[in-house]
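It should be emphasised that the depicted structure is a prediction, and the values quoted were computed from it without experimental measurement. Whatever order the structure lists them in is the order used to number ligands and atoms, beginning at 1.
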Amino acid sequence: MKLYNLKDHNESVNFTQAVLRGIGHDQGLFFPDEIKPFSKDQIKELLSLPLVERSQKILRHLIGDDELPELDDIVADAFNFPAPLVKAEENCWCLQLFRGPTLAFKDFGARFLARVLQAVRNGRHLTILTATSGDTGAAVAGAFHGQNGIDVVVMYPQGKITPLQEKLIATLGGNVHAIEVSSNFDQCQDLVKRAFDDEDFRTRIGLNSANSINIARLLAQVTYYFEAVAQLPSDKRDHVVFSVPCGNFGDITAGLIARALGLESRFVVACNVNDTVPRYLSTGKWEPRPTVQTLSNAMDISRPNNWPRTEALFKMQGWKLSDLAFGSLTDAQTEDSMREVFAKTGYITEPHAAIALSVLKANLKEGESGIFLGTAHPAKFRSDVERILGTRIPLPMALQRVIGRECHKYEMTPDYDELKAYVLQTLE
Ligand SMILES: *Cc1c(COP(=O)(O)O)cnc(C)c1O
């Protein structure tokens, strides 16, 4: 697989290099040189396969035969949980991506990345530095916990992730180090970017990223869009619409790569009031505003770092941005969406999926099958969900286990020098 840097087209790398570097010169994202579509027959065959086997074929097709001989084992080991498609209401299905160990769709990408890095690190010690608005950190911490030769430093904004999310990050210990930063997510992300620009620091600690800028995560997520269609009744597969709750726009970029591979579908961008992209799509102006805290905290991002990839993909495929449907919801509308589907069918959503469902319904046309992504288990947002729906929801085992444990974290302001000092001291 060949990839190039979106900001410097002369920087060309293979998959292994892109995974190890995370991000290219000048903070440019790596992007595939080409995406060869499957034939119609191949797509049909793929849709008849079970999740793991199909995902192995898709990823082998994308990555190529020359790299990563361990790919099949990595996929089987990483994707060891299901992604059921569950009907929520008429013509609207939820792809439940929250059946993994940290109950978020990010388990797919993080578990795949952890195993790929283990396979390609070649004896080098690695340090994963990641900023999280909640679920990334939990998924990454869980995916890398106990991996030999790899340390993980997870930064999260103070008071802006749920106590449960924090437990999933800060109770693991061992090779997982938690930092609570008194700032918002964007500032955490800026610290990560600075660390990557710091050549000396970077080589010294074998710095790597596990954010959705890492191409391995993105490619892993391509696979479950096929899984969704495979689970639709066969007479419902012709006009599929995916509604994706967007934060950094990694998930939807993965979906659009699935489309570029030949999975026929249309896409809807679903945001909360941090709606830089919906406003861009309607006015053509890129005008990020300060990030606002909402119920759907994993989408509280006003400078989505994967958006350049989304645009690059549209350009590469000759698609028009105007084909991308979009919508955004306030918290009050999000609550209404949760209550509406619960009253209608008893289906329980959490704020992220509820936004995707509502924006999906607003954009769904006659004869289309709508699929919205269930990116987190409702129990991860338990207190909000219980308050909004007026019903109790049980805590899954994965959360029960961590809830009684104590958090161990380092607290700091968004100060780069302090971050650096802490990391060096912790790793030595
Ligand atoms: C990360 C996350 C999102 C946003 O995904 P992106 O790939 O960043 O767009 C949506 N919902 C939940 C629950 C998440 O954790």
Nearest-neighbour protein heavy atom for atom 6 (P) of ligand 1, which is reported as residue plus atom name and distance: Asn248 N, 3.5 Å
Does ligand 1 have an atom that lies less than 4.0 angstrom from a heavy atom of Phe105? yes
Ligand 1 versus Glu350: contacting region, heavy-atom distance under 4.0 Å: neither
Per the side chain to side chain donor-acceptor pair (under 3.5 Å) rule, which among Gln158, Glu180, His177 passes with Lys409? Glu180
Which ligand 1 atoms are under 4.0 Å away from a heavy-atom of Ala298? 2 (C), 12 (C), 14 (C), 15 (O)
Quick one: is the NZ or CZ of Arg279 closer than 6.0 Å to the six-membered ring centre of Trp286, and within 45° of its axis? no
Compute the minimum heavy-atom distance from Pro245 to ligand 1 and say whether it is under 4.0 Å. yes
For Gly250, take its heavy atoms, then give the atoms of ligand 1 lying under 4.0 Å from any of them. 6 (P), 7 (O), 9 (O)
Check each atom of ligand 1 against the heavy atoms of Ala376 and keep those under 4.0 Å away; list them by number with element. 13 (C)
Which heavy atom of the protein is the closest neighbour of atom 7 (O) of ligand 1, given with residue, atom name and distance? Asp251 N, 2.8 Å
Would you call the rings of Tyr416 and Phe201 parallel, tilted or perpendicular, taking 30° and 60° as the class edges? perpendicular
Could you check which of Gln221, Lys106, Arg217, His377 puts a non-hydrogen atom nearest to atom 14 (C) of ligand 1? Lys106
Any atoms of ligand 1 less than 4.0 Å from a non-hydrogen atom of Cys246? List them with their elements. 9 (O)
